[in-house]
Amino acid sequence: MRSRSRHVSWLLVPVLAVGTVALATGVATAGVSAKGTKLAGATLNGSGSTFQQAYQQEATARFVKKNSGITINYSGGGSGKGRTDFTNQVVDFAGTDGLFKPTDPAPKGGPYDYIPFVAAPITVSYNLSSVKNLQLSADTIAKIFSRQIKTWNDPAVKADNPKASLPSTAITVAHRSDSSGTTQNFTQYLTTAAPTSWTLGSGSTVPWPADTQAGNGNAGVANIIKSTDGAVGYVDFSDARAAALTFASVKNAAGKIVAPSVAATTAALQGVKLAADGTYNPLNSPNAKAYPIASPTWMLVYQTQTDPAKGAALKAYLTFILTDGQKFASSVDYAPLPPAFVKATQARVNAIKA
Amino acid sequence: MAVTDTIPEQAPRPLVGGDRPPGALADRVFRALALGAGLLVLVILGLIIYEMTNQSLPWFRAEGFNAIFSDNWVPSAGHYGALGLVVGTLVVGAIALLIAVPVSVGIALFVTEVAHRRVRRPIVYTIDLLAAIPSVVFGLWALRALETPLANVYSSVSDALSGVPILGALTANPNPSGASYMTAGIVVAIMITPIITAITREVYATCPPAQKEAALALGATRWEMIRGSVFPHSRSGVTAAVIIGFGRAVGETIAVALVIGSSPRLTEQIFGPGDTMASVIVNSFGEATGTERAALIGLGVVLLAVTVVIGVLARTVLAGRQRRLGVA
Amino acid sequence: MTTVAPRAPATPARPDSIYRSRDGHRSRKARNTVATSLISASFVLALVPLVGVVVFIVQKGSGVFGWHFLTTDIPFSDRDFGGGMKPAVVGTLLITGAATVMAVPLGVLGAIYLNEYGKQGPLARLIRFLAEIMTGVPSIVMGLFIYLLWVLPRKQNGLSGFAGALALGCLMLPIVIRTSEEILRVVPEELREGSYALGSRKVRTIRTVVLPHAAPGIVSGALLAVARAAGETAPLLFVIGIVTSTNTSIFNGPNTTLSQQIFRGATSPFVAAQERAYGAALTLVLLVFIFTALARIVTSLYARRSSAGG
């Protein structure tokens with residue numbers, strides 16, 4: 001009996017290879033909708049901030065419905081990676097919650113624009129069944145998150161909430177385990193608004209005290225808050241709403257106590273100036289109606305586009321975001337820009353050479 | 001049925017002086033190809049070392065000796081001392097070994113000494129299925145299904161042991177969410193068990209049956225036979241398996257990142273949150289620029305160095321064993 | 001007449017404290033029972049996480065799993081329910097397939113060099129050593145390496161399935177080399193000598209005698225390397241980008257894989273994305289189990305053949 005099995009095993013290799021390709025093709029061609037060719041037209045690739053990811057997904061979905069020849073892939077991955085990818089021209093646009101530093105290498109595609117398009121509040125979410133409308137001032141928040149205040153019935157918290165009855169529950173602080181633009185903006189706010197009480201600095205990660213808890217991504221922090229009585233943490237608005245968390249109202253720079261909302265965030269932007277390069281800082285905005293922990297975010301694009309098809313697609317996408325995109329922003333829990341911002345930004349988008 | 005049926009197609013041509021045997025060129029070409037493929041390993045590894053060291057120089061320049069030997073990982077303040085991360089990596093590896101080695105040795109013994117011959121292959125296949133499950137799936141399971149029950153265990157144990165001299169300090173301050181060195185160690189232990197089992201199994205299988213039978217003939221119980229014949233023979237092999245398992249544990253990234261709790265601080269509290277080099281890279285690379293990025297790449301270089309050291313150790317132990325026992 | 005007191009029997013040369021026990025037979029038996037039970041228990045202990053994970057994934061993923069799931073695109077938005085993981089399935093197969101096509105032939109060639117040509121020479125020993133080191137390189141380091149060296153210089157063509165395939169290929173190469181070399185080593189030297197005696201050159205010997213004999217083992221080892229590569233996440237995170245619709249081109253544009261989608265879903269706040277992640281986990285585990293089972297079948301064919309004296 002000659003070794004038939006030997007020949008069988010040889011056959012296995014090409015059979016497997018053909019089988020894999022066939023399976024891949026079969027799965028790929030099954031269920032092809034009438035969307036037409038996927039990657040003809042133009043494909044725009046973006047990466048960067050995960051803060052704006054939920055918005056990018058919605059905008060892409062709606063934009064592609066109107067322009068079936070265009071594909072937009074936004075892979076997130078963090079603002080730092082986005083800026084690196086953008087500098088090396090690996091992506092056509094990047095999302096970033098923070099600005100380039102002077103020490104960063106110059107982007108290789110020449111002059112670039114910061115394009116503001118939405119903003120969103122960072123909530124201070126908490127889990128206290130007996131307190132429905134917690135109010136906090138910047139100093140109190142700073143002291144809670146740096147563990148100078150450890151129980152809910154601390155005098156500072158009581159001072160912020162004269163009418164509420166606060167339990168003696170211990171406070172569990174939840175923060176991000178991964179680097180994040182949200183952490184950056186939250187800690188930046190605390191450094192600006194409560195400089196004497198907040199000493200841990202600001203950055204995408206900070207040296208949180210040892211007796212705090214870390215969660216991976218906004219979802220991780222939200223999970224900790226939801227499952228721990230007495231927990232408090234900072235979570236992006238859209239993720240906090242998705243997790244059905246309760247938010248605290250925060251006292252803003254004008255002394256008014258404001259709950260996080262899309263409208264209050266737009267108000268925060270209205271209180272600050274938009275610089276010529278597109279940058280602005282809405283944290284601790286002086287506007288009376290502003291929610292003080294309003295987080296900015298931008299898209300990075302090069303002023304001169306080398307690929308005409310991509311350039312046209314990019315300009316169309318940006319224009320869409322600045323027009324229709326402003327209208328549905330609040331339905332996905334992002335704040336639209338004030339009209340003055342939109343006008344100035346649209347002018348700069350129009351000036352992009354495609 | 002002529003005789004010519006059995007003559008090969010080309011009758012061999014007698015070689016004359018100076019002739020090269022046919023096919024010499026094909027041989028040389030093939031040899032070159034094969035050599036090239038082998039050299040590829042050298043090239044890739046060399047490129048990895050070069051590129052990563054190059055990109056991480058700003059970190060070493062900024063921190064100098066402190067890069068690895070000071071516990072001061074505060075990127076927001078520009079400090080990148082990674083001692084807490086290095087020790088954290090070793091702690092997770094140690095916990096994983098403490099759990100995985102006894103279990104792996106037990107399984108290997110089970111397969112080679114205790115179980116019925118026919119059951120051996122299915123058991124081995126089952127353990128190898130553990131190796132097949134991707135790290136990210138283990139991480140997802142640990143994050144969603146394991147952390148909460150473990151958190152309860154930690155707080156009970158911590159309460160029970162509080163005040164006890166060393167153990168009390170080790171188990172103090174359990175993380176209420178369950179994310180901790182211990183959880184990461186448990187998950188990694190599950191993932192390195194198959195490889196340690198496989199190597200240990202082979203080591204036990206090469207134990208000379210004569211010695212085992214002699215022990216049994218003298219009236220030893222099975223356990224005594226194992227202790228007397230199998231263990232002494234396998235010491236270095238099992239040591240090598242342990243070292244290799246440790247190497248794998250050190251490199252585990254995704255599952256650890258999801259359950260370690262992210263606290264880059266040097267601490268002895270294994271029920272509390274921590275960090276390893278690999279998990280910090282995964283968690284922070286997305287937002288890092290400048291010196292922090294160089295520091296993260298530098299962590300990759302340190303990981304690589306640790307892997308090399310472990311590889312050399314394992315090799316030395318195995319080579320010593322081969323020399324002493326003459327076993328391939 | 002003095003009787004010489006009988007000498008006590010010579011104690012065995014080996015210290016036999018292990019055979020002696022203070023209370024005699026019963027305690028030795030008890031110790032044996034305890035030890036044997038612990039040994040058997042360790043196998044059961046290892047089964048616990050295996051069953052736990054499989055049950056968990058099946059429970060959570062079976063809700064969305066199905067042919068529709070495998071053939072529908074990923075929704076644009078994480079919050080939208082429904083959709084499927086087709087792009088990820090195709091991406092996993094494509095990228096793992098490309099990595100295999102690169103790593104397996106090169107790995108087998110390298111193993112042939114090590115076992116047939118280099119043997120114990122200094123260069124071969126060095127390569128063997130380095131291959132062993134390389135099997136231990138953490139996958140995240142491979143990913144960083146490809147990101148820095150391949151993706152960044154390539155600008156717009158940087159993020160691609162091919163970059164992911166390169167990273168996976170680098171991970172697979174040393175594994176394939178080492179397992180293939182092991183298999184080649186087991187091929188009896190007599191077969192080779194017989195071939196040389198008949199006048200074959202080395203290439204022909206390798207082609208007609210060594211490789212066919214080693215093929216089942218090599219194929220089985222390759223399948224196991226493929227199974228491992230299909231589950232890798234960390235190396236792909238920085239280099240393949242993402243897509244929501246299927247990209248069948250491996251060189252052109254970003255791609256996605258099941259492992260990447262699982263990782264994203266694990267950290268997403270939206271229940272819809274989490275559901276799809278469980279479905280993707282179930283798909284991936286099934287895929288990996290299939291490859292592992294195939295490897296087993298090939299190995300058992302090999303074993304049967306060897307025992308049949310083929």
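All chains are named by letter (A, B, ...) in the order of the sequence lines, taking the proteins before the strands, and each is independently numbered beginning at 1.
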*Asks:* Tell me, side chain or backbone of C:P49 under 4.5 Å from chain B's heavy atoms, or both, or neither?
*Replies:*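 The answer is both parts of C:P49.
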
*Asks:* Are any non-hydrogen side-chain atoms of B:D128 and C:L224 less than 4.5 angstrom apart?
*Replies:*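 Side-chain contact under 4.5 Å: no.
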
*Asks:* Is the C:F238 ring parallel, tilted or perpendicular to the B:F285 ring (thresholds 30°, 60°)?
*Replies:*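 Tilted.
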
*Asks:* My understanding is that only residues two or more places apart in sequence, or in another chain, count here; which of them pass ring-ring contact (aromatic ring centres under 6.0 Å, His included) with C:Y278?
*Replies:*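 Counting only residues at least two positions away or on another chain, C:Y278 forms a ring-ring contact (aromatic ring centres under 6.0 Å, His included) with C:F56.
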
*Asks:* Select one option (side chain, backbone, both, neither) describing which atoms of C:S40 are under 4.5 Å from chain B's heavy atoms.
*Replies:*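 Both parts, backbone and side chain.
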
*Asks:* So which of B:V312, B:L296, B:L140 has the largest heavy-atom pair count under 4.5 angstrom toward chain C?
*Replies:*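 Top count of heavy-atom pairs under 4.5 Å with chain C: B:L140.
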
*Asks:* Counting heavy-atom pairs under 4.5 Å to chain B, which of C:V141, C:L50, C:V53 comes out on top?
*Replies:*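 Option with the top pair count is C:V53.
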
*Asks:* Measuring heavy-atom distances to chain C, does B:L143 have an atom under 4.5 Å in its side chain, in its backbone, in both, or in neither?
*Replies:*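 Only the side chain of B:L143 comes within 4.5 Å of chain C.
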
*Asks:* Select, from C:T33, C:L106, C:T292, C:T135, the one with the greatest count of heavy-atom pairs under 4.5 Å involving chain B.
*Replies:*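 Maximum pair count with chain B is reached by C:L106.
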
*Asks:* Please report the shortest heavy-atom distance between B:A34 and C:Y113, naming the atom on each side.
*Replies:*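 Answer, listing the atom of B:A34 first, then C:Y113: O-CB, 3.4 Å.
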
*Asks:* Heavy-atom pairs under 4.5 Å with chain B are the metric here; pick the option from C:G231, C:A46, C:P138, C:G199 that has the most.
*Replies:*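 Of C:G231, C:A46, C:P138, C:G199, C:P138 has the most heavy-atom pairs under 4.5 Å with chain B.
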
*Asks:* To the nearest 0.5 Å, how far apart are CD1 in C:I39 and CZ in B:R222?
*Replies:*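 Rounded to the nearest 0.5 Å, the CD1-CZ separation comes to 8.5 Å.
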
*Asks:* Who among B:I133, B:T126, B:L304, B:V105 has the most heavy-atom pairs with chain C under 4.5 Å?
*Replies:*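 Result: the option with the highest number of such pairs is B:I133.
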
*Asks:* Where does B:R31 contact chain C at under 4.5 Å (heavy atoms): side chain, backbone, both or neither?
*Replies:*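 B:R31 touches chain C through backbone and side-chain heavy atoms alike.
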
*Asks:* Could you give the distance from CG (B:L45) to CZ (C:F145), rounded to the nearest 0.5 Å?
*Replies:*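 Output value for this atom pair is 9.0 Å.
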
*Asks:* Taking C-beta and beyond as the side chain, do C:T36 and B:E113 meet within less than 4.5 Å on heavy atoms?
*Replies:*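 No, their side chains stay 4.5 Å or more apart.
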
*Asks:* Check whether C:F263 gets within reach of chain B through its side chain, its backbone, both or neither, counting any heavy atom under 4.5 Å.
*Replies:*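 Both backbone and side chain.
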
*Asks:* Restricting to non-hydrogen atoms, name the atom on B:A132 and the atom on C:V288 that form the minimum distance, rounded to 0.1 Å.
*Replies:*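 Minimum heavy-atom separation between B:A132 and C:V288: O-CG1, 3.0 Å.
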
*Asks:* For each of C:M142, C:M134, C:E116, C:E232, tally heavy-atom pairs with chain B at distances under 4.5 Å, and name the one with the top tally.
*Replies:*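 Most heavy-atom pairs within the cutoff with chain B belong to C:M134.
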
*Asks:* Say you draw a straight line from CD1 of B:I254 to OG1 of C:T233; how long is it, rounded to the nearest 0.5 Å?
*Replies:*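 Atom-to-atom, B:I254:CD1 and C:T233:OG1 are 5.0 Å apart.
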
*Asks:* Considering only heavy atoms, which portion of B:I127 lies under 4.5 Å from any heavy atom of chain C: side chain, backbone, both, or neither?
*Replies:*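 Just the side chain, heavy atoms under 4.5 Å.
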
*Asks:* Pick one of side chain, backbone, both or neither for C:R228, based on which atoms fall under 4.5 Å of a heavy atom in chain B.
*Replies:*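 Answer is side chain: those atoms of C:R228 sit under 4.5 Å from chain B.
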
*Asks:* Which one wins on heavy-atom pair count under 4.5 Å against chain B: C:V48, C:V34, C:L144, C:V108?
*Replies:*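 Highest number of pairs under 4.5 Å: C:L144.
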
*Asks:* Measuring from atom CD of B:E51 to atom CG of C:L148, what distance do you get when rounded to the nearest 0.5 angstrom?
*Replies:*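 The CG atom of C:L148 is 5.5 Å from CD of B:E51, to the nearest 0.5 Å.
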
*Asks:* Counting only heavy atoms closer than 4.5 Å, note whether C:I206 contacts chain B via side chain, backbone, both or neither.
*Replies:*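 Contact with chain B is through the side chain of C:I206 alone.
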
*Asks:* Who wins among C:V44, C:I177, C:L109, C:L237 for the most heavy-atom pairs under 4.5 Å with chain B?
*Replies:*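 Going by pairs under 4.5 Å, I would pick C:L109.
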
*Asks:* Can you tell which part of C:I146 gets under 4.5 Å to a heavy atom of chain B, answering side chain, backbone, both or neither?
*Replies:*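 No part of it gets close to chain B.
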
*Asks:* Check each atom of C:L38 against the heavy atoms of chain B and say whether the ones under 4.5 Å are side chain, backbone, both or neither.
*Replies:*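 When you check distances to chain B, no heavy atom of C:L38 falls under 4.5 Å.
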
*Asks:* Less than 4.5 Å to any heavy atom of chain B: does that hold for the side chain of C:Q274, its backbone, both, or neither?
*Replies:*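 Contact with chain B: side chain only.
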
*Asks:* Taking C:S42 for its side chain and B:I107 for its backbone only, find out whether a donor-acceptor pair lies under 3.5 Å.
*Replies:*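 Yes, C:S42 side chain to B:I107 backbone: donor-acceptor pair under 3.5 Å.
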
*Asks:* Only pairs of heavy atoms separated by less than 4.5 Å count here; which of B:V187, B:V137, B:I310 has the most with chain C?
*Replies:*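 Maximum pair count with chain C is reached by B:V137.
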
*Asks:* Using only non-hydrogen atoms and a strict under-4.5 angstrom cutoff, which residues of residues 35-42 of chain B touch chain C?
*Replies:*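 Near chain C, by residue number: B:L35, B:A37, B:G38, B:L39, B:L40, B:V41, B:L42.
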
*Asks:* Name the region of C:I133, side chain, backbone, both or neither, that has any atom closer than 4.5 Å to a heavy atom of chain B.
*Replies:*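 Both backbone and side chain of C:I133 come within 4.5 Å of chain B.
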
*Asks:* Top residue by heavy-atom pair count (under 4.5 Å) with chain C, among B:I297, B:L33, B:T193, B:I226?
*Replies:*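 Of B:I297, B:L33, B:T193, B:I226, B:I297 has the most heavy-atom pairs under 4.5 Å with chain C.
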
*Asks:* Do the non-hydrogen side-chain atoms of C:R296 and B:R121 ever get within less than 4.5 Å of each other?
*Replies:*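 With C-beta onward as the side chain, the pair stays apart.
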
*Asks:* Under 3.5 Å, is there a donor-acceptor pair between the side chain of B:R144 and the main chain of C:A266?
*Replies:*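 Looks like yes, one N/O pair under 3.5 Å.
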
